[in-house]
Amino acid sequence: MLRLGEIDLSALQSALVHAGGDGSGVIERLSTQATLSLLDELREVSTAIAAVQARALVHLESAVKDECLAQEMAPRTALKTARAEAAFALHAAPSVAGQTMSSSRRLVQSMPGMLRALAHGRLSPEAAHRVGRVVGPAAPELRSQVDQVLTEHLPYLEGCGVQQWGDEAEKVMHALDPQGAAARHTHAVQSRNVSVRRAENGMSVVTARLTALDGARIRKSLALEAERARAHGDRRGHQQIMADMFADTLLGRGEGMDPAIMEIGVIITDRSLFVPDHADPAVIEGLGTVPYEHVRDEMRRAMASAEDDPELRLILRNLYTDPEDGQLVAIESRARAFPPALARFLRWSHVTCRAPYCDAPIRQSDHVTPYAAGGATSVDNGNGLCGIDTQKEEAGMRAEVIHDDTGLRRTVEWTTRYGQKARRSGINFDPVGTALRRRHRRLSATEQSTPMQSTPMQSTSMSSTADPPDQQTGWVTHTLGELEPTREGGPTPPDSHATLHRAICRLVPAGILIRRPPSHPAQRLLCAHSDYVFDAMLLTSRLEAGGEESGSEPGAQEE
């Protein structure tokens with residue numbers, strides 16, 4: 001008989017074996033609602049067991065290592081012995097057991113908030129260990145800081161999938177240690193590889209470990225080709241077409257895939273562009289969080305590759321985040337179908353499917369409240385969803401936007417036919433800043449002191465000279481000078497392009513002429529007139545000329 005405190009684990013196991021393995025009629029007699037309650041209780045039991053297992057693995061590792069070291073074994077041998085014992089206890093491969101033991105050690109020793117959340121069923125074991133693996137390269141002090149931020153965001157993360165839990169941890173770790181993030185990315189690039197493994201029923205699995213932007217380009221190229229083929233009457237499934245096109249292109253079989261004209265959305269803050277010591281992670285559309293240095297390198301490559309690829313252009317657009325929850329804000333349309341700019345904004349702000357616990361790529365822009373029921377075609381009523389979750393009404397589910405006291409959208413609540421509820425919000429692009437503001441307000445309220453006011457993402461000011469708009473193109477030409485970054489806080493007026501100009505100064509030498517559309521009345525939203533379009537050929541020629549002004553180049557034309 002094995003007991004854990006007051007609990008007889010042997011009796012618990014016998015009851016579960018009887019109910020599950022022996023075909024007990026107890027479950028068959030339950031109503032639908034009672035069955036759902038049973039499943040929820042079993043989920044909470046399983047997460048609590050996972051937390052206990054994590055502590056047990058850490059204790060096993062420590063005990064085995066102590067006994068081996070007492071016998072004067074080498075530390076490496078002691079570690080291998082501990083992992084081998086864990087593998088047999090878990091009935092898992094040594095490599096899998098070693099990864100589980102390592103992530104458990106980080107959770108137990110450095111991340112008490114995540115471990116408590118796991119024990120209380122607020123995240124799944126897979127998500128907890130994903131967080132533990134993400135923070136593996138970090139020092140214990142940094143892991144503790146990541147734990148504090150994620151714990152602060154628990155109410156907003158409980159409906160997230162495993163991938164977003166890992167993305168949130170990586171995003172927070174990046175913001176707290178940007179220099180370490182750049183170094184980790186440089187090291188990770190050296191591990192790129194391709195593997196081919198046998199799968200069941202005569203199939204195989206091809207895995208390529210590539211840089212994030214290359215992966216995003218491949219995925220989007222295949223997806224566009226599949227949609228094009230379906231539009232021309234191809235009756236194969238979307239994923240089947242992608243797989244066939246992937247193989248045909250690599251093997252030179254058939255026509256293969258033509259290079260697609262596409263746009264890859266990347267969200268990166270002004271800090272990451274021009275103040276790397278205080279940088280934030282970037283986010284790639286449909287993929288997730290990546291180190292800022294990866295995006296900076298790709299931007300430099302895009303500006304320097306005009307001769308090889310004259311059609312490649314780098315476009316920067318101003319985006320604004322809400323200081324309360326770090327989500328992007330944007331525009332509204334009166335059409336039933338989401339227009340391209342609005343659909344693109346949903347892809348950028350949601351990254352992956354926004355249904356609870358789903359991390360699939362976004363396939364469609366969906367109305368939270370159906371259009372037929374009076375739902376508006378707007379960011380407030382829009383969700384990026386995968387192909388399955390867009391059929392929520394057919395599955396008996398409904399979704400509802402949850403607003404705060406000021407009327408702003410904060411999250412979306414999903415309800416099933418039988419009353420189960422879960423919430424999922426958009427991506428928080430400033431998790432550290434929003435966590436600090438929430439924590440400060442909570443502590444201030446407890447101490448009955450004046451709460452700190454929320455302010456937008458920190459920005460800087462700059463000085464620049466602007467010529468009158470060109471009479472033919474209407475574009476304004478800015479001559480950018482050498483500028484030193486500052487860390488002055490405070491809100492930036494919505495019509496200010498100061499921080500973006502300062503970012504450009506870090507990408508190109510002083511004196512380069514950058515053209516942008518003439519200013520319009522500013523709004524807190526994504527708008528086409530705030531686009532900056534860089535002609536790679538123009539920038540390359542100016543770089544080679546040492547930044548001398550010619551004053552004769554025409555303004556770049558927007559797509």
Side-chain angles (χ1 to χ4, degrees), residues 27 30-48 50 113-114 116-128 150-165 167-168 322 324-327 346 349-360 362 364-376 378-428 431 434 438:
I27 295 178
L30 294 177
S31 66
T32 301
Q33 199 64 51
T35 304
L36 292 173
S37 299
L38 173 63
L39 289 172
D40 189 54
E41 291 292 337
L42 289 174
R43 177 191 59 81
E44 293 189 357
V45 170
S46 67
T47 58
M114 289 294 96
R116 284 194 297 270
L118 173 62
H120 288 280
R122 304 187 72 177
L123 75 163
S124 68
E126 294 80 9
L150 292 180
T151 302
E152 192 68 36
H153 285 302
L154 270 176
Y156 310 94
L157 292 174
E158 290 184 41
C160 295
V162 175
Q163 176 180 316
Q164 189 174 341
W165 272 104
D167 276 356
E168 289 293 319
D322 189 294
E324 178 64 25
D325 56 18
Q327 297 186 52
L346 289 175
S349 58
H350 292 168
V351 182
T352 58
C353 177
R354 288 297 94 191
Y357 318 114
C358 184
D359 288 321
I362 291 174
Q364 298 181 31
S365 298
D366 182 71
H367 292 79
V368 178
T369 299
Y371 184 83
S378 65
V379 167
D380 190 74
N381 192 48
N383 249 5
L385 299 180
C386 67
I388 293 177
D389 288 314
T390 54
Q391 304 171 22
K392 60 182 187 298
E393 286 82 16
E394 288 84 347
M397 291 187 290
R398 67 179 186 276
E400 178 186 6
V401 176
I402 303 299
H403 299 88
D404 63 11
D405 294 338
T406 64
L408 293 177
R409 167 175 168 170
R410 292 305 179 195
T411 187
V412 175
E413 183 175 80
W414 291 61
T415 306
T416 69
R417 186 186 304 274
Y418 290 95
Q420 297 187 89
K421 296 180 182 293
R423 292 187 177 186
R424 189 83 184 268
S425 61
I427 297 296
N428 184 345
T434 53
R438 287 168 181 160

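This one's a predicted model, so the numbers in the text were calculated from it and none came from an experiment.
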Trainee: Write down the atom of Arg417, the atom of Ala395, and the distance for their closest heavy-atom approach.
Mentor: NH2-C, 4.2 Å
Trainee: Could you please spell out the steps behind the side chain to side chain contact (heavy atoms under 4.5 Å, CB included) verdict for Thr411 and Arg409?
Mentor: CA-CA 6 Å; Thr411 187; Arg409 167 175 168 170; over 6 Å; no
Trainee: State, with a plain yes or no, whether a side-chain heavy atom of Glu393 is found less than 4.5 Å away from one of Pro370.
Mentor: yes
Trainee: For Arg398, is the CZ atom crowded, meaning more than 12 foreign heavy atoms sit under 6.0 Å from it?
Mentor: no
Trainee: Hey, mind stepping through Arg116 and Thr151 against side chain to side chain contact (heavy atoms under 4.5 Å, CB included) and telling me if it holds?
Mentor: CA-CA 10 Å; Arg116 284 194 297 270; Thr151 302; 5.6 Å; no
Trainee: Report the distance from atom NE2 of His350 to atom CG of Asp366, rounding to the nearest 0.5 Å.
Mentor: 11.0 Å
Trainee: Could you go through the side chain to side chain contact (heavy atoms under 4.5 Å, CB included) check for Leu157 and Leu123 one step at a time?
Mentor: CA-CA 8 Å; Leu157 292 174; Leu123 75 163; over 6 Å; no
Trainee: Does Leu118 reach the side chain of Pro125, with side-chain heavy atoms less than 4.5 Å apart?
Mentor: yes
Trainee: Give the minimum heavy-atom separation between Ala376 and Asn381, together with the two atoms involved.
Mentor: O-ND2, 2.8 Å
Trainee: Shortest non-hydrogen contact from Pro155 to Arg122?
Mentor: N-NH2, 4.0 Å
Trainee: In Å, rounded to the nearest 0.5 Å, how long is the span from CG of Leu385 to SG of Cys353?
Mentor: 4.5 Å
Trainee: Indicate yes or no for a side-chain donor-acceptor contact from Arg43 to the backbone of Gly121 under 3.5 Å, with no hydrogens or angles considered.
Mentor: yes
Trainee: Just one of Glu158, Glu413, Gln164 clears the side chain to side chain donor-acceptor pair (under 3.5 Å) bar with Arg424, so which one?
Mentor: Gln164
Trainee: Roughly how far apart are Leu36 CG and Leu30 CG, rounded to 0.5 Å?
Mentor: 10.5 Å
Trainee: Indicate the atoms forming the closest heavy-atom contact of Ala422 with Tyr357, along with that distance.
Mentor: CB-OH, 3.7 Å
Trainee: Work out which heavy atom in Tyr156 is nearest to a heavy atom in Ser425; give both atom names and the distance.
Mentor: O-OG, 3.9 Å
Trainee: With a 4.5 Å limit on heavy-atom distance, are the side chains of Leu154 and Met114 in contact?
Mentor: yes
Trainee: Is there a side-chain contact between Trp414 and Asn383 in this structure, where contact means two heavy atoms from C-beta onward sitting under 4.5 Å apart?
Mentor: yes
Trainee: Using a 4.5 Å cut-off on heavy atoms from C-beta on, say whether the side chain of Arg410 contacts that of Ile402.
Mentor: no
Trainee: If you round to the nearest 0.5 Å, how far is CG of Leu42 from OG1 of Thr47?
Mentor: 10.5 Å
Trainee: Quick check: does any side chain N or O of Asp359 sit under 3.5 Å from a backbone N or O of Gln163, one acting as donor and the other as acceptor?
Mentor: yes
Trainee: How many angstroms lie between atom NZ of Lys421 and atom CD of Glu400, to the nearest 0.5 angstrom?
Mentor: 7.5 Å
Trainee: Which is it for Thr406 and Asp404 under the side chain to side chain donor-acceptor pair (under 3.5 Å) test, yes or no, and what are the steps along the way?
Mentor: CA-CA 5 Å; Thr406 64; Asp404 63 11; 2.7 Å; yes
Trainee: For a 4.5 angstrom cut-off between non-hydrogen side-chain atoms, does Arg354 reach Val412?
Mentor: no
Trainee: For Ala119, check side chain to side chain contact (heavy atoms under 4.5 Å, CB included) against everything at least two apart and list the hits.
Mentor: Ala51
Trainee: For the CD1 atom of Ile388 and the SG atom of Cys358, what is their distance to the nearest 0.5 Å?
Mentor: 7.5 Å
Trainee: Could I get the full list of side-chain hydrogen bond (donor to acceptor under 3.5 Å, both in side chains) partners for Thr32, not counting sequence neighbours?
Mentor: none
Trainee: State, yes or no, whether a side-chain contact exists between Leu346 and Ile362 at a heavy-atom distance under 4.5 Å.
Mentor: no
